[in-house]
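We're numbering straight along the sequence, starting at 1. All heavy atoms count here, side chains included; hydrogens, waters and symmetry mates do not.
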Amino acid sequence: MNRIIIALLATLAFATQAQAGIDESINAFTAPIAQFVGTVVFFKISVAGAQLPLVVLWLVIGAVFFTIYMGFINLRGFKHAIELVRGDYADPNNSGEVSHFQALATAVSGTVGIGNIGGVAIAVTIGGAGATFWLIVAGFLGMSTKFVECTLGVKYRTENPDGSVSGGPMYYLRKGFEERGMPGFGKFMGTFYAVGIFIGALGIGNMFQSNQAYVQLNTVAGGALDGYGWLVGLILAGVVFAVIIGGIKSIARVTEKVVPFMAIFYCFFAIIVILLNFSSLPMAVSNIFTGAFTGEGVAGGALGALIIGFQRAVFSNEAGIGSASIAHAAVRTKEPVTEGYVSLLEPFIDTIVICTITALVIGTSQVADPNFAGDATGVAMTSAAFERHMSWFPVPLAFAALLFAFSTMISWSYYGLKGWTYLFGEGQMGQTVYKVIFCAFVALGCIVQLGPILDISDALVFLICVPNILGLYFLAPIVRAEMEAYKAKLETGEIRKFA
């Protein structure tokens, strides 16, 4: 343990001493790479004046296909998903590491982040109020994608000798294609995904989150934390390390408490603001539906609003990225499809509930005062909407942002860990090395400003959706067969309630 702490301190000391020069050198070197990677991954085509990223189209087409192919499981399976999360069918003798609720909380904590506060504001600014409607539609469709990938996460998981579980796209891509006589292709796809999720975990799932948490805290403190990023980073890294060192069980114990609290905390204040703007609510809702189909003032009209709404949704709930299936693979169950049902709730909570509430806070504020935010965008715009009625709200908003960032980091630490162990083995020493590296990057996020590095990480996270969605198409018949067999067992009483 002392060696770990010394290694972390040494990394921080090095970063602090050479921050400015290293920042500039790394940014100058990686900027062209980031631009190239971003251009390839987020390649856009012009459609009726709107710019459509092909990666978003790839995700949305997949979501539409899985919704239809699975018989609108996002509607039919919702009630049963609630029953599973409540523990109605939880058999304590099943293999696995966490409960259905803990797996859901861990996965939700990985998606509910800064984007739910600031990303929605950007979407509404660019795509107009109508983007909210398409955000909800995309969230609804994404529920089906989650169902497929999380069922496969459990179906093809590997149970290790020590009782731990490893699963996710790396495993179902390799094993699934191997079953279809393409072992070489499956191995390549699994390795490619593992590399992408590992790098993404260090960047967008780590450094970006800690950086934004520090920025919010410093803003509330009036700049009093200028020059103390290293201290905030060290504290945050220490807290994260204390949680992730215990593995998925430790992470799940934290997320099952933090996620409900932070969601209720944020939504409580948001609903208060909406109620205080109640007279503006009918117009705000009307603007959402009108803007969705007319796209007034939006580049590309209604199509532009649709693109922005879909883009925000897939960036927020990560349906099709496959990351959530890594957390769900650790659940205690012998029926893979049960975790598919549970995962339906993720896009519902993240996108349909939290993102929509944020959009209504902004929308009602805009109706009441079109200039309420001035030139503010992102988190600052959302904060301004709250401040209209609560001048003190930047403090609890910063607290909410800190919780969102913290929960995202601990969940993504597990995603990155499983990418690491897939590549380098399940040895405990190797896992500890990874966790030290991860926490060092938590601290670095508060110290250095490596924009291009984060851009590369962001691009890689969405690049891995290409092999993931491709694998889901190939393996969808297996998921549907699992679903039909499970439904038959429910009907015959072979699967019964335990609670």
Side-chain angles (χ1 to χ4, degrees), residues 48-52 113-139 212 215-216 219-220 222 266-313 315-316 350-398 400-401 404:
Q51 297 298 307
L52 172 62
I114 300 296
N116 294 80
I117 300 175
V120 174
I122 294 173
V124 172
T125 300
I126 299 173
T132 305
F133 176 84
W134 297 113
L135 181 148
I136 295 171
V137 171
Q212 291 299 296
V215 168
Q216 288 302 305
T219 300
V220 169
Y266 178 73
C267 291
F268 173 76
F269 285 105
I271 291 172
I272 287 177
V273 171
I274 294 170
L275 292 176
L276 290 172
N277 292 331
F278 187 75
S279 61
S280 302
L281 185 58
M283 180 59 72
V285 173
S286 175
N287 289 342
I288 289 174
F289 285 95
T290 302
F293 298 101
T294 64
E296 297 177 2
V298 178
L303 183 60
L306 181 151
I307 290 171
I308 297 301
F310 274 33
Q311 181 171 304
R312 178 63 257 157
F315 283 15
S316 178
D350 174 271
T351 306
I352 297 177
V353 175
I354 298 179
C355 286
T356 302
I357 285 177
T358 301
L360 286 175
V361 167
I362 295 169
T364 54
S365 297
Q366 284 178 326
V367 171
D369 178 9
N371 298 314
F372 79 96
D375 296 327
T377 60
V379 176
M381 184 181 188
T382 306
S383 180
F386 280 97
E387 285 184 72
R388 286 189 66 250
H389 296 286
M390 304 177 227
S391 59
W392 45 266
F393 192 75
V395 174
L397 184 63
F404 282 12

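Under the side chain to side chain contact (heavy atoms under 4.5 Å, CB included) criterion, I272 pairs with F268, L276, M390, sequence neighbours left out. With sequence neighbours excluded, the residues satisfying side-chain hydrogen bond (donor to acceptor under 3.5 Å, both in side chains) with E387 are S383. Checked against side-chain hydrogen bond (donor to acceptor under 3.5 Å, both in side chains), T132 has no partners two or more places apart in sequence or in another chain. Residues satisfying the side chain to side chain contact (heavy atoms under 4.5 Å, CB included) test with V137, not counting sequence neighbours, are F133, W134, L141, F310. Taking the side chain to side chain contact (heavy atoms under 4.5 Å, CB included) definition, one finds that V367 meets it with S280, M283, A284, N287, sequence neighbours left out. In this structure P282 satisfies the side chain to side chain contact (heavy atoms under 4.5 Å, CB included) test with no other residue, sequence neighbours excluded.
Summarising the geometry of I352 relative to G139, their closest heavy-atom pair is CD1-C, 4.1 Å, with the distance given to 0.1 Å. Heavy atoms only, all atoms of each residue included: A398 and V220 are closest at CB-CG2, 3.3 Å. The shortest heavy-atom contact between V124 and A359 is CG2-CB, 4.4 Å. Here the closest non-hydrogen pair linking A121 and T125 is O-OG1, 2.7 Å. When all heavy atoms of L135 and C355 are compared, the closest pair comes out as CD2-CB, 3.7 Å.
Atom CZ of residue F293 and atom CD1 of residue I288 lie 12.0 Å apart, to the nearest 0.5 angstrom. Put simply, CD1 on I362 and CD1 on I357 are 12.5 Å apart, with the number rounded to the nearest 0.5 Å.
Among the candidates N277, V285, D369, the single residue satisfying the side chain to side chain contact (heavy atoms under 4.5 Å, CB included) test with T364 is N277.
In this structure the side chain of T358 reaches within 4.5 angstrom of the side chain of Y266, judged on heavy atoms.
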